[in-house]
Number of protein chains: 2
Amino acid sequence: MQEKRRDIHNSETPALCRACEARHSGLCGALEHDELLRLSRHTTIRQAPAGTQLIGEEDFVETYANVLKGVVKLTKMMADGRQQIVGLQFAPDFVGRPFQAESRVSAEAASDVVLCVFPKNSLDAMMKEQPNMEHRLLKQSLNELDEAREWMLTLGRKTAEEKVASFLYMIARHIDPTHDVDAQNAAAFDLPLTRADIADFLGLTIETVSRQLTKLRKADAIVIEANRRVSIPDVMRLRELSGN
Amino acid sequence: MQEKRRDIHNSETPALCRACEARHSGLCGALEHDELLRLSRHTTIRQAPAGTQLIGEEDFVETYANVLKGVVKLTKMMADGRQQIVGLQFAPDFVGRPFQAESRVSAEAASDVVLCVFPKNSLDAMMKEQPNMEHRLLKQSLNELDEAREWMLTLGRKTAEEKVASFLYMIARHIDPTHDVDAQNAAAFDLPLTRADIADFLGLTIETVSRQLTKLRKADAIVIEANRRVSIPDVMRLRELSGN
DNA sequence: CGCCTTATTGAACCCCATCAATATCTGTGG
DNA sequence: CCACAGATATTGATGGGGTTCAATAAGGCG
């Protein structure tokens, strides 16, 4: 149990966690100082460049992680190589699948990422004695389910143009913290995904994504600089183009 | 509090719950006799014919429900009428969205259904004092999320034929309890959905669904009688046609 | 600059949607 | 039991949105 120093430190937040976004809004927000300390003993910070495979489909997963920086994409692949992105995890999202040893998706760093990694066992144990943690996880899971269902509508029923607009609109909401419905009606961000990733997210080809982006650009709905930088002068207009 | 009779009955399962599938494998499996009794005081059984609108998108929802019989479809609709089914709930699934007053999907009886309906308040209160209940709900939510992601792959990347085969394969797994991977390799069931519903589920048109069904029929992958009755002589073959 | 990766643009094709007609099912009443 | 009507499903013909194949352009980094 090696908790020798616990009495001394149990009212202090571990240094690792102090600057962490997940400490407050993420899963770890459910934990008290001493629990946080206990978990942080088994925790490692992992940096990974874009493209790194974090866990493979059908891998046996021994760890969970919180996204601290960057974007993690969850993908599913068919035998012949067709691929679909089924989830994007932004900071401070939790990545992992409790109650199941085998993963049914693969996780990959879409951009350069920083993760807070901890062993499955530690968190599973902590979840059992901390209902509050399951509560947080349930909330995130229900939100992810809402998002997944929103994307099912996009994948099944929207046109290519609406799909691309929907994607940009979603990124704008996720990345640009300054944007609010009633706030300034503009947004700007760097795309965290390549065209290939966007295509895999929207169930389209690279070429169609590219064509729709130029179409939106020519309609003055967006401005693109250097391939990655996107400005949206009128977010509400983009929202309309997205079919919402 | 009106718990006068509780002392007498607290070790007995309410009559309502005794024959209920959800009592064991569903949410209510988390409850002890007396808690079950407490909840059952506010519970009503509701029967509804196919097509009944149970809750509308953007309704304020005051109740939750367990599906006892039949299939409930969760749908999302765009302003111009395009529609997508984003979830199918079979017995003993739970229907509802905790932690959020407003629904983001509408729920409709896909077949004739029987529901066990209880007020949001009652269950919310019970969930707070019963971590085990949140645990069950978390498990269901994570399963639904897995299924939703599976369908995102289907919607985004599969051909019409693969989509229809995937749908039939999924129904076979859900409805026919006799089927197991190594068990007898055949299945038979009544489709709980109309062609229009299947189309809305797969992001296709009615006509395409119909064409793919006849294509599968002519390839001897399925047998259809009277429009609704489907037999699958070789489930593994169907699985291959589904792209898995 | 030069090389490789990533993105855009063009042309032809194809799968699925659309429009339209026919067939089948289901339930009701004669 | 059959006839009828409305709903549901199948089948056919045509067209379009997105894919595919191919070439060019732009970005990133040594």
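Lettering of chains follows the sequences in order, A, B, ..., and the numbering in each one begins at 1.
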Residue pair A226(A)/I224(B) against DNA chain D: nearer the 5' end by closest nucleotide is I224(B)
To the nearest angstrom, the CG-P distance between D200(A) and dG18(D) comes to 17 Å
Exercise for review: State whether T205(A) places a side-chain N or O below 4.0 Å from either non-bridging phosphate oxygen (OP1 or OP2) of dT19(D).
Suggested key: yes
Residue pairs passing the salt bridge (Lys or Arg N to Asp or Glu O under 4.0 Å) test with at least one member in residues 190-200 of chain A, sequence neighbours excluded, are K73(A)-D197(A), D190(A)-R229(A), D200(A)-R157(B)
Quiz prompt | F118(B) ring center near H42(B) ring center (under 6.0 Å) | solution = no
note: E225(A), atom CD; dG28(D), atom P; distance rounded to Å ~ 12 Å
Looking for any heavy atom pair under 4.0 Å, which part of the strands does G203(A) touch: base, sugar-phosphate only, or nothing?
sugar-phosphate
R157(B) CZ to dC15(C) C1', in whole Å, measures 15 Å
Here the residues of residues 207-221 of chain A within 4.0 Å heavy-atom distance, strictly under, of DNA chain D are E207(A), T208(A), R211(A)
Exercise for review: May I ask you to decide if E207(A)'s main-chain N or O and S210(A)'s side chain share a donor-acceptor pair within less than 3.5 Å?
Suggested key: no
Closest non-hydrogen contact found for L27(B) with L137(B) is CD2-N, 3.7 Å
Rounded to whole Å, the CD1-P distance (I198(B) to dT8(D)) equals 13 Å
To the nearest angstrom, the NZ-P distance between K163(B) and dC16(C) comes to 8 Å
From CG of D190(B) across to C1' of dT26(C) the rounded distance in Å is 15 Å
N/O (side chain, R228(B)) to phosphate O (OP1/OP2, dC25(C)) under 4.0 Å: no
Which of dA7(C), dT8(C), dA9(D) is nearest the side chain of I206(A)? It is dT8(C)
Result for salt bridge (charged side-chain N to carboxylate O under 4.0 Å, His left out) between E161(B) and one of R217(B), K218(B), K215(B) points to K215(B)
Closest non-hydrogen atoms of Q140(A) and Q89(A), given as atom of the first, atom of the second and distance, are NE2-NE2, 3.8 Å
Q. Would you say K139(B) has more than 12 foreign heavy atoms packed within less than 6.0 Å of its NZ?
A. no
R195(B) atom CZ is separated from dT24(C) atom C1', nearest whole Å, by 11 Å
Rounded to whole Å, CG of N227(B) lies from P of dG27(C) at a distance of 12 Å
